Structure formats: structure tokens, C-alpha cells
There are 2 protein chains.
Amino acid sequence: MSASGSRRLGVPPTPGAAWDRSGAWASIPERLREQGLRWTPQRRLLVEVLAQTDGHVTGGELVERCREADTTTIPSTVYRTLDVLEELGLIRHCHGVDGREEFHVLPETEHGHAYCNECGRSWDVEVEEVGAMLASFQERRGFEVDLSHLTVAGRCRDCRGAGGTGEAAVE
Amino acid sequence: MSASGSRRLGVPPTPGAAWDRSGAWASIPERLREQGLRWTPQRRLLVEVLAQTDGHVTGGELVERCREADTTTIPSTVYRTLDVLEELGLIRHCHGVDGREEFHVLPETEHGHAYCNECGRSWDVEVEEVGAMLASFQERRGFEVDLSHLTVAGRCRDCRGAGGTGEAAVE
DNA sequence: GCACTAATTGCAACTAGTCGCAATACGAGA
DNA sequence: TCTCGTATTGCGACTAGTTGCAATTAGTGC
Ligand SMILES: [Mn+2]
Ligand SMILES: [Mn+2]
Ligand SMILES: [Zn+2]
Ligand SMILES: [Zn+2]
């Protein structure tokens, strides 16, 4: 179902990346206060949850995990905090094939995503793979593409090979 | 607000395209019945509304326009009919920057979209502009990209030139 | 430590859309 | 034209998330 969001959760980051991450999380209180924003228990909880998260999560999944630690968690607070953290650059979001937001937690490299409409699997799309497009948008349109937000939908090799119907369609 | 969806509504199609279109709409009842599906008043109304639509519309806008002609229009019926028509290939959808579905009505050529996060405007992305990416996905991943579903977000020339804040952010 | 102010929270109402199901009504065939 | 099976509709409940607002509280200055 919405497996594609949590599919890669728990996959360990490449060695070394974990180091950078904890540093980034640690400095959040100060970064908020620098901007006149506040460090609250609700925000701390969400940041703790995010710090334990690799890959992609939906807002709903984050609400749920916060609730595991604190049953009084309020969805709107979580969603508003996600907005704040994205403005701070600590997370990015893209949209799954169904249009729902999925958050990237401190991605090691900026990347987009490819989703198979048929089997629902997803893959990271690194910058080299779409470099020509980014450059062309830059040059021909003066348009600066947000790679993190890029979602490419289609049919994967397996599903095409399987003669048309690989598995249940995702959307 | 959700102006980006209706922005280009009413722009006339290139001459000649209107001809192909009416033909496509006219054959819908038969195409439905061929598949054991049915031609109902509710479906006829939506098809009439779509036939008068150019460019991009959200489901909500379509519900509203159907309601103008028939106040008893039920949203779920409209959304379900949109699914059916998309399976028939008469419409395609992509997702705006906020992830909401936008429908393309009988596009003259298959194309994707670029959205500016800052001013909210959008542009069609023709196949030549992303041909290299489509080819690379095909060759390197065996992945067949759905161009109609492609949404490229970023900042347009005007908004970048305007020193960072062009207008109100869209999302 | 106390007071003050604005950021943030909790909450409830609201939006956009989806889903299950019983009632309706296409449309193929007699 | 009538019958019948099933596709479709209407409807209400539900999901995921957003918004406005009054109450709370972080954090600054005293
Ligand atoms: Mn989609
Ligand atoms: Mn977005
Ligand atoms: Zn697949
Ligand atoms: Zn712009």
C-alpha cells in the first residue's frame, strides 16, 4: 500500500554520514533561536524521531512515531514543525506517485526519485542522471530545478518485462 | 492560490486541434460500452465539461463546473469518472507543486510541466527538452518514463532575477 | 526569579478526496 | 418492450492534512 514511503527506512547510511547527521541535529535549537523561533518539547520529540529515520517518511508515519513516544502528539503540530525544519534545510520533501508528501531526512546527496506505477518500488535519481535536464532548464529557461522535489513516474524494467502487468497498480 | 491550475484555461487550442478533439469525445460512449462500461448522464455531463476545457484543471474545479450545470453533482462520481476517462486515455494527470492532481484534457502533444515555487506560474515541458533524460532512464534503468506525469519544480528566471523573493511562495 | 511578548500549541472546524455499500439504472438479450 | 445482471450512483463515514483562534509557554530583559 503506502509501502513505498517506508521501504528504505532502516537502511543504514554509508559510514561517515551518520557523523555529519548528528552534528546537524545537535545544532537545531540554536539555529531556531537565531531566527527568533523556539525550541519546544514537541519539536524536540519530532527531531529525535527524525534523527532515527533514514530514507523517506510520510507525515503520517512521523505523527505515528511521535505518538509512540508521546501519546498526546497533535498532528497539526507535527506538520507545522516539518514546515519549519524544511525551511531550515534539515529535511526536504518530494511527492510520491499519489501526490502525498514524502520527507527526505538529511539526504547525503541531493537526489530525485523514480517511482514505478505498477510495482510501487522507488529509486533514487542522482544528479548525473538528470544533469542534462537541469542544465537545459538552466540555460534555455533560466529555470533552477529543485532536484529534491523531482518525482519521475513510469514503469520499471521488471514490470515492463512481465508483459504488461507486473503486480497490482499503485495508482 | 490554486490559480496555477486554471491559469491557462480558456486559451484556445492551435487551429485544427479542436477537430481531433471533438472526434475523440464523440466516440466515448462506444468506447465505454466496448469494455462493458456504461454511458450515464453523470458521465455525459463531465465529458461535456471536459470538452469545453483547455489546459489544466483540478478535480475540484471540474466538480464545481459540473455543479453549475447540475446542482446534484456528487464529487465521488466525478472523481470516479475521471479515473475511468484516464484509463481510456482521454485525460492524463500530473501533480501541481502541492501534490494535488491536475488533469490535462486531450493534450495535443504529450508533455510534462515546470512549476515555479515562488510565483506559482507553470510551463509545458515538451519532449525534446527532457529527451536525454527519457533516453537515459530507458537505457540505464530500462525505465519507461511517463512524461505526462512529470512535474519539475524550481524557481523561474523572473523570480531568481528578482533577488530571491519574487512574489508570495506557493508552497 | 518574575514579568512580558510573541511564538507555539491544542483544538475544533474545515478541505479535498476516498471508500464501502445498498439502491438505482444501463443496456444486452429475449 | 420487458427482464435481468451488473456497472454505477448517491450517500455517509472516513482519511490525511490545513487553518484560525484562544490558551499556553519559551525565552529575553530586568
Ligand atoms: Mn499521480
Ligand atoms: Mn511539494
Ligand atoms: Zn515496477
Ligand atoms: Zn517564478
Side-chain angles (χ1 to χ4, degrees), chain A residues 1-2 4-6 28-47 57-67 70-88 91 93-103 168-171, chain B residues 1-2 4-6 28-47 57-67 70-88 93 95-103 168-171:
Chain A
M1 206 213 278
S2 85
S4 96
S6 56
I28 296 180
E30 294 81 68
R31 295 189 55 196
L32 286 169
R33 287 192 270 248
E34 275 165 26
Q35 307 205 236
L37 306 177
R38 291 171 187 181
W39 183 238
T40 66
Q42 294 85 347
R43 289 181 175 177
R44 172 163 47 238
L45 173 55
L46 176 56
V47 166
V57 228
T58 63
E61 286 165 341
L62 290 169
V63 170
E64 191 128 333
R65 290 195 215 169
C66 285
R67 232 195 268 278
D70 175 356
T71 54
T72 71
T73 299
I74 302 293
S76 58
T77 300
V78 172
Y79 287 110
R80 284 187 284 220
T81 302
L82 287 168
D83 289 344
V84 170
L85 295 177
E86 187 155 17
E87 266 155 45
L88 244 62
I91 55 179
H93 81 267
C94 62
H95 299 264
V97 182
D98 59 2
R100 277 203 310 194
E101 279 186 337
E102 293 186 4
F103 293 91
V170 153
E171 202 221 13
Chain B
M1 208 213 279
S2 85
S4 98
S6 55
I28 297 180
E30 294 80 70
R31 296 188 55 196
L32 285 168
R33 287 191 271 250
E34 274 166 25
Q35 307 204 237
L37 306 178
R38 292 172 188 182
W39 182 237
T40 66
Q42 295 83 349
R43 288 181 177 178
R44 174 164 44 238
L45 174 55
L46 177 56
V47 166
V57 228
T58 64
E61 285 166 340
L62 290 168
V63 170
E64 191 127 333
R65 290 195 214 171
C66 286
R67 231 194 268 278
D70 176 356
T71 53
T72 69
T73 300
I74 303 291
S76 59
T77 300
V78 172
Y79 287 109
R80 284 186 286 218
T81 301
L82 287 168
D83 290 344
V84 171
L85 296 178
E86 186 155 17
E87 265 155 46
L88 243 61
H93 81 267
H95 298 265
V97 183
D98 58 1
R100 278 204 308 195
E101 278 186 338
E102 293 187 5
F103 294 92
V170 154
E171 203 224 14

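None of the values given here were measured: they were computed from a predicted structure. Residue numbers begin at 1 in each chain, while the letters A, B, ... track the order of the sequences.
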Integer-rounded Å distance: [N] [atom2] and [X] [atom1]:
X: D83(A); N: dA7(C); atom1: CG; atom2: P; answer: 16 Å
X: E64(A); N: dG17(D); atom1: CD; atom2: C1'; answer: 15 Å
X: E102(A); N: dA16(D); atom1: CD; atom2: C1'; answer: 14 Å
X: L46(A); N: dT8(C); atom1: CG; atom2: P; answer: 14 Å
X: H95(A); N: dA16(D); atom1: NE2; atom2: C1'; answer: 14 Å
X: L45(A); N: dT8(C); atom1: CG; atom2: C1'; answer: 15 Å
X: D98(A); N: dG17(D); atom1: CG; atom2: C1'; answer: 13 Å
X: D70(B); N: dG10(D); atom1: CG; atom2: C1'; answer: 12 Å

- With side chain to side chain contact (heavy atoms under 4.5 Å, CB included) as the test, would you mind laying out the steps for L46(A) and L85(A) before giving the verdict? CA-CA 10 Å; L46(A) 176 56; L85(A) 295 177; 4.2 Å; yes
Quick check on [N]: is either OP1 or OP2 less than 4.0 Å from any side-chain nitrogen or oxygen of [X]?
X: Y79(B); N: dT18(C); answer: no
X: R80(A); N: dT8(C); answer: no
X: Q42(A); N: dG10(C); answer: yes
X: T77(A); N: dG10(C); answer: yes

- Message: Go nucleotide by nucleotide along DNA chain C from the 5' end; which of G59(B) and T73(A) gets its closest nucleotide reached first?
- Response: T73(A)
- With the side chain of I74(B) defined as its heavy atoms from C-beta on, choose the nearest nucleotide among dC11(D), dT8(C), dG10(C). dC11(D)
- Rounded distance [0.5 Å steps], CG in L62(A) versus OG1 in T73(A): 11.0 Å
- Note on the structure: Separation between OG1 (T58(A)) and CD (E64(A)), nearest 0.5 Å, reads 9.0 Å
- May I ask you to list the residues of residues 28-40 of chain A, by number, that have any heavy atom positioned under 4.0 Å from an atom of DNA chain D?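 Of all residues in residues 28-40 of chain A, the ones placing a heavy atom under 4.0 Å from DNA chain D are R33(A), R38(A), W39(A).
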Under 3.5 Å, which donor-acceptor pairs link side chains of residues 35-42 of chain B to any protein atom two or more places apart or in another chain?
unit_1, atom_1, unit_2, atom_2, d
T40(B), OG1, Q42(B), OE1, 3.4
T40(B), OG1, R43(B), N, 3.2

- Message: Using only atom types and a distance under 3.5 Å, with no angle test, would you say the side chain of H95(A) pairs donor to acceptor with the backbone of H95(B)?
- Response: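 Judged by distance alone, no pair lies under 3.5 Å.
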- Item | Beyond-backbone contact of L82(A) with F103(A), side-chain heavy atoms, under 4.5 angstrom | yes
- Item | H93(B) and E86(B) side chains, donor-acceptor separation under 3.5 Å | yes
